[in-house]
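Presented below is the structure to which this report refers.
The chains referred to below are lettered A, B, ... by the order of the sequence lines, with proteins before strands, and numbering in each begins at 1.
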Amino acid sequence: MTRVALPSPAFPPRAPEGAGNLRGSESFPDAAHHELANSQLRRNISNATHTIREKRLQVTGELPDWEQLRDSGSAIKTDVMNRLPELLEQFEAAVTARGGVVHWAQDAVEANEIVAGLVRETGSEEVIKVKSMATQEIGLNEHLESEGIRAYETDLAELIVQLGHDTPSHILVPAIHRNRSEIREIFLNEMADVDPHLDDDPASLAAAARRFLRHKFMTTPVAISGTNFGIAETGTLGVVESEGNGRMCLTMPQTLITVMGIEKIIPTYADLEVFLQLLPRSSTGERMNPYTSMWTGVTPEDGPQSFHLVLLDNGRTAALADKIGREALNCIRCSACLNVCPVYERTGGHAYGSTYPGPIGAVLTPQLAGMHGSHDPNSSLPFASSLCGACFDACPVKIDIPSLLVELRHQKVEQAAFGSEAAAMRAASIAMSSSGKFTVAQKAAGLGRLIAGKKGKISALPPPLSGWTDARDIPKPPKQTFRQWWGSAEGQREIADARRQAHE
Amino acid sequence: MSSRDVILGRIRDALALAPPVQQEIPREYRTGRAMPKGELEELLTDRLVDYKATVHPCEAAELPATVARVLREAGCKRVGVPAGLDDGWIADFDGEVVVDSPCVSAPQLDSLDGVVTGSRVACAETGTIFLDGSPDQGRRALTLVPDLHVCVVDLSAVEVNVPEALTRLVPERPTTMISGPSATSDIELQRVEGVHGPRNLHVVIVR
Ligand code: SF4
């Protein structure tokens with residue numbers, strides 16, 4: 001009998017290290033320490049998240065069928081992940097049939113090369129951009145710059161971030177960490193021909209941005225966008241926005257290049273009825289956002305006459321290969337989970353080091369880019385949560401973020417089986433298995449006070465305990481153990497006092 | 001192997017490594033709702049005003065006079081119209097009317113004081129108007145570049161909720177959904193009307 005070996009499925013690769021913006025330079029606790037010191041940031045973020053939170057509750061409360069919509073949204077996305085190959089092929093065929101050109105990119109590096117090549121073909125050295133998480137994720141602007149192509153962000157907040165040589169701190173309102181006088185300063189320093197008497201009234205600032213970008217919209221031949229959804233059945237794409245910069249980019253240039261994560265598929269045009277109700281209400285707390293643009297391939301004599309779609313993997317297939325973690329791919333990027341998260345509210349988005357901050361970022365980032373050992377900042381992200389469950393309650397597609405976080409913590413401990421956290425756990429279980437060993441260990445813990453020093457916290461322990469402290473601070477141990485205290489003269493005196501009081 | 005085949009292969013591997021659980025899709029949310037005309041108009045008006053659009057209700061016979069009044073009050077001297085707009089709608093307007101075509105350039109559109117168009121359908125519960133590039137709505141640039149948009153909505157083309165409105169659309173047509181004028185909340189979450197799209201939206205509801 002001959003045996004035929006079927007090729008066994010391989011675990012798909014994570015997003016490559018060193019490309020794009022899926023990894024910060026320091027662990028979450030370290031980054032959070034700096035951010036916590038910024039009281040302006042804390043005030044702005046707290047104000048913003050509370051305002052949006054209240055608006056969201058009001059408009060979701062208006063719909064008696066809100067829970068039913070969430071159930072449908074969740075099920076549709078799960079079904080999409082189950083049928084992803086067939087839906088992507090259907091989608092590709094529909095886009096192509098309507099005059100679009102579809103490209104596939106395995107990772108950030110390939111996506112950036114494809115987009116830069118397409119821009120070069122047009123001969124333009126400038127592009128206008130619609131705010132997009134996917135292009136932020138792959139670090140497209142930086143790549144284009146290295147190729148001599150200037151990318152202009154056109155969303156007001158993204159423009160503020162770009163002109164301020166800064167990074168976004170929220171999915172929906174990326175410049176939420178800036179106040180109006182800072183924005184005025186940035187405009188005065190970075191915008192050509194801005195009125196030197198510009199005041200810091202939001203309306204004046206918005207008008208300055210309008211003047212700055214108007215000419216760009218009318219003259220730049222290439223636009224780059226992301227998309228909120230791609231409809232498999234019809235090949236239709238959609239961008240949900242407020243300012244009209246999206247409409248401008250999607251309408252005025254001759255060439256449009258859209259970068260879309262492969263998970264953004266929805267099966268049918270009719271499914272829009274679910275997501276167009278879930279997304280704006282969860283996101284900005286509006287019944288509907290001011291503008292939504294939908295297009296299918298190329299429409300003769302209306303809008304761009306050349307349309308390219310780049311379908312991006314960059315670790316999404318790795319997330320899909322995890323039967324629990326894949327749920328994170330259902331995310332529709334509404335940012336509701338950020339706005340209810342007590343951890344995000346205090347640290348802001350920068351502490352997460354990734355394009356995707358907040359609760360969903362803490363799950364999605366390690367899944368896309370991996371957790372490469374205890375020194376990888378991404379290994380600290382699953383611990384950046386109190387597991388209070390508020391994110392799960394807020395999520396319009398019912399992603400069980402707390403359970404996903406727990407699963408990732410488990411995976412991290414498994415991966416780190418040699419050397420770090422698992423070793424710390426093993427040491428703890430040995431120590432706790434006998435009272436003699438426990439006493440010795442407790443005495444040793446007194447050393448912790450020395451390491452903790454003035455901060456009153458231990459934030460770096462030597463290996464193997466470093467796996468534990470990479471992700472969190474350990475409170476300073478008490479001066480003496482309970483047993484030491486019990487055995488001391490002071491302890492005996494206090495106990496005698498307590499007995500006396502109880503008898504009086 | 002092409003990247004397409006690589007990615008589709010990875011997805012198949014992923015689904016083999018972690019086989020999916022069959023998913024039924026419940027559809028218990030509300031669809032197919034209807035409402036008496038008066039209530040529908042009231043709801044749509046309430047939502048539009050909430051979004052800082054200006055609403056002008058009128059009877060069919062009053063439409064030309066209403067459009068002319070709105071344009072006059074807004075100080076419009078030159079307005080653009082799509083090629084398929086009913087001439088009668090702007091018959092009472094005494095300014096210059098520019099009929100749009102693909103040869104009208106962006107700067108020319110920018111020089112218009114406003115634009116008058118029809119609409120495909122509207123959704124009362126969200127205050128949303130859908131444009132789909134039909135001859136009375138024109139290409140997308142026409143309703144985007146000028147600073148003022150007068151949009152005529154016939155009450156017979158108003159649906160209660162999003163699902164009903166979507167059934168009236170043709171998916172392949174370039175579709176723009178408008179809920180109030182352009183707006184941003186990016187500076188200290190203070191809402192500012194009007195950034196890049198038209199800063200003024202006037203909706204004429206024809207009963
Ligand atoms: S996880 Fe849910 S709540 Fe968070 S951004 Fe995604 S869809 Fe919104």
Side-chain angles (χ1 to χ4, degrees), chain A residues 9-12 48 51 65 68-69 71-72 75-76 78-79 82 84-85 104-106 110 156-157 173 175 179-180 183 202-203 205-206 210 218 234 236 242-245 247-248 251-252 269 272-273 276-277 287-296 299 301-303 313 317 320-323, chain B residues 2-4 6-8 10-18 20 22-31 47 51 102 106-107 110 125-128 133 139-141 144 162-163 166 171-190 192 194-198:
Chain A
F11 195 91
T51 311
D65 55 347
Q68 285 84 342
L69 285 164
D71 285 337
S72 301
I76 291 169
T78 302
D79 176 54
N82 290 354
L84 202 50
W104 299 70
Q106 297 181 35
E110 190 177 11
L156 179 53
V173 274
N179 64 28
R180 58 177 79 187
I183 295 168
L205 296 170
R210 179 185 173 96
M218 305 290 164
T234 57
T236 306
S242 296
E243 296 170 8
N245 65 305
R247 288 178 70 189
M248 284 283 181
T251 309
M252 306 307 289
Y269 193 77
L272 277 178
E273 68 191 19
L276 286 181
Q277 294 192 76
R287 297 186 187 102
M288 192 65 87
N289 51 291
Y291 296 137
T292 298
S293 300
M294 301 199 282
W295 73 98
T296 314
T299 306
E301 305 199 322
D302 184 352
D313 178 354
T317 47
L320 189 68
D322 175 348
K323 77 173 188 302
Chain B
S2 72
S3 286
R4 176 185 192 275
V6 170
I7 295 172
L8 287 172
R10 286 177 185 171
I11 299 172
R12 294 199 173 93
D13 278 358
L15 294 174
L17 287 167
Q22 178 74 23
Q23 178 70 58
E24 292 297 317
I25 300 172
R27 303 237 182 218
E28 306 288 313
Y29 53 86
R30 301 174 302 168
T31 51
R47 299 316 198 215
Y51 279 152
D110 204 16
E125 188 161 59
T126 60
T128 308
R139 60 190 180 125
R140 285 169 284 173
L144 172 61
V162 175
L166 282 172
E172 288 76 17
R173 302 194 69 102
T175 303
T176 304
M177 303 169 48
I178 296 171
S179 309
S182 159
T184 183
S185 306
D186 281 334
I187 302 160
E188 295 178 4
L189 276 203
Q190 189 165 322
V192 175
V195 193
H196 306 296

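- Ranked by heavy-atom pairs under 4.5 Å with chain A, the list B:Glu24, B:Arg173, B:Glu172 is led by B:Glu172.
- Across A:Thr296, A:Thr292, A:Asp313, the residue that shares the most heavy-atom pairs under 4.5 angstrom with chain B is A:Thr292.
- Contact count against chain A (heavy-atom pairs under 4.5 Å) is highest for B:Ile11 among B:Asp110, B:Thr128, B:Ile11.
- Comparing B:Pro171, B:Pro102, B:Gly197, B:Gly180 by how many heavy-atom pairs each has under 4.5 Å with chain A, the most go to B:Pro171.
- Taking OG1 from A:Thr251 and CZ from B:Arg139, the interatomic distance works out to 10.0 Å, rounded to the nearest 0.5 Å.
- There is a side-chain donor-acceptor pair under 3.5 Å between A:Gln106 and B:Ser3.
- Both the backbone and the side chain of B:Thr175 have a heavy atom closer than 4.5 Å to some heavy atom of chain A.
- For chain B, the option among A:Met248, A:Gln68, A:Arg247 with the highest count of heavy-atom pairs below 4.5 Å is A:Arg247.
- Only the backbone of B:Pro181 comes within contact range of chain A, with at least one heavy atom under 4.5 Å from a heavy atom of that chain.
- With hydrogens and angles ignored, the 3.5 Å screen pairs no side-chain donor or acceptor of A:Ser293 with any backbone N or O of B:Thr176.
- Within the 4.5 angstrom heavy-atom criterion, atoms from both the backbone and the side chain of B:Glu125 approach chain A.
- Remark: A:Ala203 engages A:Asp201, B:Val192 in a side-chain contact (heavy atoms from CB on, under 4.5 Å) (not counting sequence neighbours).
- Per-residue counts of heavy-atom pairs under 4.5 Å with chain B were compared for A:Met252, A:Glu110, A:Gln277; the largest is that of A:Gln277.
- By number of non-hydrogen pairs under 4.5 angstrom with chain B, the leading residue of A:Met294, A:Arg210, A:Met288 is A:Arg210.
- With rounding to the nearest 0.5 angstrom, the CD atom of B:Glu28 is 10.5 Å from the CG atom of A:Asp65.
- Under the 3.5 Å distance criterion, with hydrogens and angles disregarded, a donor-acceptor pair is assigned to the side chains of B:Tyr29 and A:Glu273.
- Contact count versus chain A (heavy atoms, under 4.5 Å) is highest, among B:Gln22, B:Gln23, B:Arg10, for B:Arg10.
- In terms of heavy atoms, B:Leu15 sits closest to A:Asn82 at CD1-O, 3.6 Å.
- Residues A:Ile76 and B:Arg27 form a side-chain contact, since some pair of their non-hydrogen atoms from C-beta on lies under 4.5 Å apart.
- Of the atoms belonging to A:Ser242, heavy atoms from both backbone and side chain fall under 4.5 Å from chain B.
- Interface remark: of the candidates B:Ala14, B:Ser179, B:Ala18, B:Ser179 forms the most heavy-atom pairs closer than 4.5 Å to chain A.
- If you tally non-hydrogen atom pairs under 4.5 Å between each of A:Asn245, A:Leu205, A:Thr236 and chain B, the highest count goes to A:Asn245.
- Listed options A:Ala10, A:Ala206, A:Ala105, A:Gly244 were ranked by heavy-atom pairs under 4.5 angstrom with chain B; first place goes to A:Ala10.
- In this structure, the side chain of A:Tyr269 does not engage the main chain of B:Leu166 through any donor-acceptor pair within 3.5 Å.
- Top candidate by heavy-atom pairs under 4.5 Å with chain A, chosen from B:Thr31, B:Val6, B:Leu17, B:Ile7, is B:Ile7.
- Residues that satisfy the side-chain contact (heavy atoms from CB on, under 4.5 Å) test with B:Pro174, not counting sequence neighbours, are A:Thr299, A:Asp302, B:Arg140.
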